[in-house]
Protein chains: 2
Amino acid sequence: MTDRDVAVEAGVSRATVYYVLNEDANHRIPDPTRQRVLDAVDKLRYVPFGPARMLRRGQSSVVLLLTHGLEHATDRVATDLVTALGAALESRGLHLVWQIDGEVGRDPSIDLAPVVVLSSAAPGEPDFARATADYPVPVLPAFPDLDRFTAAAAAAQAELAVGAGRTRLAYAALDEPALERSVALRREKVSGVAAAGRLPAVQTLLLGSTRDEARASLGAFLDQHPDVDVICAFNDEVAFRILAAARDLGIEVPSRVGVIGVDDLPFGAFTTPALTTVEPDLSSFVDAFADHIRRVCDGEEGEGPQLPTSFRAVRRGSL
Amino acid sequence: MTDRDVAVEAGVSRATVYYVLNEDANHRIPDPTRQRVLDAVDKLRYVPFGPARMLRRGQSSVVLLLTHGLEHATDRVATDLVTALGAALESRGLHLVWQIDGEVGRDPSIDLAPVVVLSSAAPGEPDFARATADYPVPVLPAFPDLDRFTAAAAAAQAELAVGAGRTRLAYAALDEPALERSVALRREKVSGVAAAGRLPAVQTLLLGSTRDEARASLGAFLDQHPDVDVICAFNDEVAFRILAAARDLGIEVPSRVGVIGVDDLPFGAFTTPALTTVEPDLSSFVDAFADHIRRVCDGEEGEGPQLPTSFRAVRRGSL
DNA sequence: CTGTTAGCGCTTTCAC
DNA sequence: GTGAAAGCGCTAACAG
């Protein structure tokens, strides 16, 4: 179905079809003609063909989000953000689509012709550079200043711990090389808060991946650092593993040691003890980010917003 | 950057550029010319413009996955499936992109021009019909015969329970109207297995959403049905909530009552007791599904594969 | 072996 | 108020 078909069906020219459909201000079409066109559109179920439109316009309304894998998908915070961003962009005439940026698909999916690309990688990382090379359009970080954001989460955890009267802080993460830099950064932040409160140095606990390994890691860690009285975990999942390990070891939470997560995943209310955690407020960021993306699409320059640094404490039983 | 620019830069015609780039078999281009073209492409960082290509071809290489929300994203099974499907389609020259099919965005995202649409809804559901109406291309269910699949999971749970010597089965799910049909279906399947083993009727437990409500629901249920000795949960998350409720009530798992989940989410190893669950094998389905999608793109008719019905039991402490 | 040319469907300027 | 025509960038049939 093309505009031609509609024109024939309605007995008018192709231009007239366009005037009716796009409500062209320079052309007032008499109602009977107008109606014939609209009827024809309905009857033929005509939908303009996107590629032709994009070719004419020179650009599309598609915003492409590239994430390395779906690890971000199972992260509740990221999915909330993506969902909210999609809605916010929609109301600005843009369409958010999501694609996995795998090793396999080295084809930059030319057919997509996005007007702007959002990369889950940070500027400077290989995936970000690759996106910049592959797409002849602006590439923005999907999670701007993620490091600052996660560091702020760590600081919020530490402040929560100190505020609760804990004095010997530890930081815990999974023992994965890929996470190393991020862990160092967050731990640094926790150390900063500890130092500001004249507390001793912050120790790092790297947790094994199986339950047995997790138990062994935690046991050894607490033997070596017996005065640690609170553990700030990388996220709620790590916190959950620590709770499991503590239970296996007969270590009491929160009396012997407190545990604090990040994200406020739904399961946090169902652990034993229930998980204390911190959670960001993303709503104002999302709108600002959508505005920024809109501006970038319009060719404007300028800095975009960064992820927020304020976190809300969710106090439950584990601290 | 257009092919014109490349042609000028290389000092050849536009057609020659095309012959070089697409390695046209009917035209052997001498190496020096060839090299000049390739150099020009590199120098100008030329990338063909997708929309023009699609317009010419009449169709794109984009497969659009529409999901109602991101509830599927936090479902590990679904994300595994999407990831694997994306890779499988990539190797067949197709590109999978994902878009949220929200109420907000009533614009059928015309710019996307997919060659086929995958809907998370099942044929017959409103979202599926909407996709069919909005897109002038074939629409397939993204999770073909999901009901059969989930029913098979329920059957696997029941068989696992019976195999372990349990005789009074219950089925548990969250108390949400949207899930009602699916819950009924799965419960039916559990009932079938029970009946086949000449066991008493299967009771249904609808769990409240907060922890307190969950405890109350479970307590009341077990008071009313004191001989129930195993609970098959809708999924691992529901199973986890049941474990929490049981702990709060001082009900011993698995001695007093066993608990079985579905999905084998990573946290299952870290609950107390660790969660027994069942898990599907999706690998062969993914390849078959990708083949089918490829065929549909090529205009062929025919039935596609269905989600598998065989599940692997993961035995841990909760049964 | 290389170049010219027509046309995909949509939009818009210009002429009637 | 309506229509004719050109052109976006890419591709492919056809001519040279």
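Both backbone and side-chain heavy atoms feed into the values below; hydrogens, waters and symmetry mates do not. Per chain, numbering begins at 1; letters A, B, ... match sequence-line order.
Here C/dT11 presents its C1' atom at 10 Å from CG of A/Asp24, a figure rounded to the nearest Å. The separation between A/Met1 atom CE and C/dC10 atom P is 11 Å, rounded to whole Å. Going from atom CZ of A/Arg28 over to atom P of D/dG3 covers 18 Å, rounded to whole Å. Between the P atom of C/dC14 and the NE2 atom of A/His27 lies a distance of 11 Å, rounded to the nearest Å. Rounded to whole Å, the distance from CD on A/Glu23 to P on C/dT11 is 13 Å. Taking atom CZ on B/Arg4 and atom P on D/dC8, their separation rounds to 6 Å, with Å as the unit. Atom C1' of nucleotide D/dA13 and atom CG of B/Asn22 are separated by 15 Å, given to the nearest angstrom. The nearest whole Å value for the distance from the CE atom in A/Met54 to the C1' atom in C/dT11 is 15 Å.
With hydrogens and angles disregarded, a donor-acceptor distance shorter than 3.5 Å links the side chain of B/Ser60 to the backbone of B/Ala113. When atom types are taken as modelled, the side chain of B/Arg294 and the backbone of B/Arg92 share a donor-acceptor pair closer than 3.5 angstrom.
Under the 4.5 Å side-chain criterion, counting only non-hydrogen atoms from C-beta, A/Leu282 is in contact with A/Phe149. Residues B/Asp298 and B/Arg295 are not in side-chain contact: their nearest non-hydrogen atoms beyond the backbone lie 4.5 Å or more apart. Using a 4.5 Å heavy-atom cutoff, the side chains of A/Val62 and B/Leu112 are in contact.
Between D/dT11 and B/Arg53, a contact under 4.0 Å exists linking OP1 or OP2 to a side-chain N or O. One finds a side-chain N or O of A/Ser13 lying less than 4.0 angstrom from the OP1 or OP2 phosphate oxygen of D/dG3. In terms of phosphate contacts, A/Thr16 brings a side-chain nitrogen or oxygen within less than 4.0 Å of OP1 or OP2 of D/dG3.
Nearest nucleotide to the A/Arg56 side chain, out of D/dC10, C/dT11, C/dG3: C/dT11. Considering only side-chain atoms of B/Ala15, the nucleotide from C/dG3, D/dG9, C/dT11 that sits closest is C/dG3. Distances from the side chain of A/Thr2 to the nucleotides D/dC10, C/dC14, C/dG9 place C/dG9 closest. The side chain of A/Tyr19 sits closest to C/dC14 out of C/dG3, D/dC8, C/dC14. Residue A/Arg57 has its side chain nearest to C/dT11 when only C/dT11, D/dT11, D/dC8 are considered.
Under the salt bridge (Lys or Arg N to Asp or Glu O under 4.0 Å) criterion, the residue pairs touching residues 41-64 of chain A are A/Glu9-A/Lys43, with sequence neighbours excluded.
Residues B/Asp31 and B/Gln35 bring no donor and acceptor atom of their side chains to less than 3.5 Å of each other.
At a threshold of 4.0 angstrom between heavy atoms, the contacts of B/Arg14 include nucleobase atoms, whether or not backbone atoms are also involved.
Of all the residues in residues 29-38 of chain B, not one reaches under 4.0 Å from DNA chain D with any non-hydrogen atom.
Mapped onto DNA chain C by nearest heavy atom, B/Ala52 and B/Gly11 fall at different nucleotides, with B/Gly11 at the one closer to the 5' end.
With hydrogens and angles ignored, no donor-acceptor pair closer than 3.5 Å exists between the side chain of B/Tyr46 and the base of D/dG9.
Shown here are the side chain to side chain donor-acceptor pair (under 3.5 Å) partners of A/Ser61, two or more places apart in sequence or in another chain: B/Asp111.
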